[in-house]
Amino acid sequence: MDQIVIHGGKPLRGTVEVSGFKNAALPILFATVLTNDVCIIGNLPAISDVKLSFDILRAMGLRIDQLDKTTYRIDSRGATYGKSPDHLVEKMRGSIYIIGAELGRFGNASAGNCGGCNFGQRPIDQHLKAFRALGATVEECEDGRLNAWADQLVGKVIAFDVVSVGATVNAILASVMAEGMTVLENAAHEPHIVDLANFLNACGASISGAGTDVIKIRGVSSLHGCTYDIIPDMIEAGTYMVAAAVTGGKIEITNVIPKHLESIAAKLREMGVSVEEGDESVTVTGGDSLHGIHVKTMPYPGFPTDMHPQMSVLLCVADGISYMTENIFEHRFAYVEQLRSMGASISIDDRVATIQGGNRLLAANVRAVDLRAGAAMILAGLVARGKTVVSEIGYVRRGYDNIVGKLRALGADITDIDTED
Ligand code: UD1
């Protein structure tokens with residue numbers, strides 16, 4: 001049984017340390033393939049998506065050894081292309097980076113259907129546009145397999161039609177050793193794009209402009225290994241910020257980059273939550289009377305779609321009406337049905353959820369329908385009085401390092417059913 005049991009109603013208090021960022025770790029792990037050398041990667045989160053990435057990379061011929069709790073030695077000298085096992089690849093959206101990494105290193109790439117959370121259609125047209133612009137031939141097979149190859153990748157100006165984190169990552173991976181200059185226009189700004197660029201530059205790449213919407217990549221003939229620490233997980237941090245607010249507690253969240261949390265902090269403050277920034281920490285104190293607001297998800301530096309379900313839980317307990325507009329993934333609202341079964345009053349019209357706040361959430365048996373929805377259910381269970389059981393918690397383990405242990409240390413009555421058994 002893959003369940004978490006929560007007896008809610010306790011304000012959370014104390015300090016929690018944030019782990020490394022999943023969405024930076026995955027591109028950087030696949031980027032190590034490009035180096036044909038040894039990399040020492042630190043601050044890796046202990047989450048199942050990282051373990052899955054290790055399994056895929058090992059099948060591709062990399063050697064991976066753990067050096068300490070969060071640090072791994074990754075040797076990509078034995079890497080080959082086309083060896084990633086389909087049954088692993090299909091479990092994780094981040095597997096799409098195999099194509100950019102293999103193409104960039106070998107000029108030849110092949111991987112099965114890439115999975116991930118189900119937010120409706122997750123097109124990859126912008127990834128393919130980038131590969132083709134660089135001179136690759138791309139073959140999309142009926143079973144979802146992608147094959148790509150090129151005699152020589154050549155830098156180009158690539159103007160993305162939509163801002164896509166994944167396509168920006170893949171374009172960087174494929175172009176970092178292409179001939180000449182690649183310019184990515186309308187690129188994603190996310191901190192994990194900057195982290196990937198910093199990692200590759202530490203390996204000898206020449207990438208400028210990461211963090212803006214124009215990224216320039218001057219192709220280099222080869223890369224070398226380096227030692228690099230992954231940035232802290234802004235979504236994990238944001239989830240603990242909401243945990244403090246929703247339970248009326250006070251949590252100091254450490255190992256964060258406060259700048260990455262500004263859009264989340266701004267929305268919490270707008271509701272009446274206190275957020276104090278330190279150099280590498282934020283302290284969040286829940287208020288007595290929180291009021292409803294309008295939240296719109298946007299690419300960075302806007303409010304992240306990966307914080308949408310968690311924020312909705314807070315909007316349920318705040319006074320008055322709130323609106324949550326989802327601008328990135330149309331099927332992000334899958335959590336709503338689960339929250340309704342806990343007494344939430346939410347109606348959805350197209351991309352806007354109208355949330356009637358001031359409702360006491362009721363303990364219930366609910367499901368984690370995807371990664372962030374699962375985190376939202378845990379937050380709802382923390383505030384609802386009585387026993388909440390969240391099942392299919394495997395989704396949550398994909399992106400949250402030791403969430404049960406961290407919440408328990410903050411005073412939550414939460415048990416992993418495996419441990420309880
Ligand atoms: C990544 C993150 C995910 C986060 C999302 C948005 C990883 C492993 N996942 O997902 O946690 O929620 O960024 O911050 O890092 N699109 C296209 N064509 C494409 C690619 C994307 O139309 O070729 C659209 C998508 O449908 C979506 C939008 O662009 O509406 C943004 O998607 P994207 O930024 O690519 O998300 P992912 O990289 O899949």
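Each residue takes its place number in the sequence, starting with 1. Note that ligands are numbered from 1 as they come in the structure, with each ligand's atoms numbered from 1 the same way.
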Using modelled atom types and a 3.5 Å cut-off, is there a donor and acceptor pairing between side-chain atoms of [X] and backbone atoms of [Y]?
X	Y	value
Ser84	Ala111	no
Ser95	Met92	yes
Arg367	Ser391	no
Glu236	Tyr400	no

Could you list which atoms of ligand 1 come closer than 4.0 Å to a heavy atom of [X]?
X	value
Val162	16 (N), 17 (C), 22 (O), 29 (O)
Arg332	12 (O)
Gln126	18 (N), 19 (C), 23 (O)
Ile124	19 (C), 23 (O)
Val163	29 (O), 31 (C)
Thr305	6 (C), 12 (O)
Pro123	17 (C), 18 (N), 19 (C), 20 (C), 21 (C), 22 (O), 23 (O), 26 (O)
Gly166	35 (O), 38 (O)

Applying a 4.0 Å heavy-atom criterion (strictly less than), which segment of [X] is in contact with ligand 1: side chain, backbone, both, or neither?
X	value
Ala167	neither
Asp306	side chain
Tyr300	neither
His127	both

Is it true that the side chains of [X] and [Y] contain a donor and an acceptor less than 3.5 Å apart?
X	Y	value
Tyr335	His308	yes
Glu102	Ser110	no
Ser19	Lys406	yes

Residue pair Ile355, Ser312: steps toward the side chain to side chain contact (heavy atoms under 4.5 Å, CB included) verdict: CA-CA 8 Å; Ile355 301 174; Ser312 290; 3.9 Å; yes
Give a yes/no on ligand 1: does [X] have at least one heavy atom closer than 4.0 angstrom to it?
X	result
Ala188	no
Ile96	no
His331	no

Asn170 vs Tyr97, side chain to side chain contact (heavy atoms under 4.5 Å, CB included): CA-CA, chis, key distance, verdict: CA-CA 6 Å; Asn170 253 334; Tyr97 302 146; 4.1 Å; yes
Option nearest atom 18 (N) of ligand 1 (shortest heavy-atom distance, choices Val169, Asp125, Asp49): Asp125
Option whose closest heavy atom lies nearest to atom 32 (O) of ligand 1, chosen from Phe21, Phe329, Tyr97, Phe160: Phe329
N or O pair under 3.5 Å between His192 and ligand 1: no
Within-cut-off N or O pair, Gly94 and ligand 1, under 3.5 Å: no
Qualifying salt bridge (Lys or Arg N to Asp or Glu O under 4.0 Å) pairs, either residue in residues 19-44, two or more places apart: Lys22-Asp49
Side chain to side chain contact (heavy atoms under 4.5 Å, CB included) assessment of Leu268 paired with Leu314: CA-CA 9 Å; Leu268 291 177; Leu314 187 58; 3.4 Å; yes
Worked check of side chain to side chain contact (heavy atoms under 4.5 Å, CB included) between Ile257 and Phe21: CA-CA 11 Å; Ile257 299 173; Phe21 195 4; over 6 Å; no
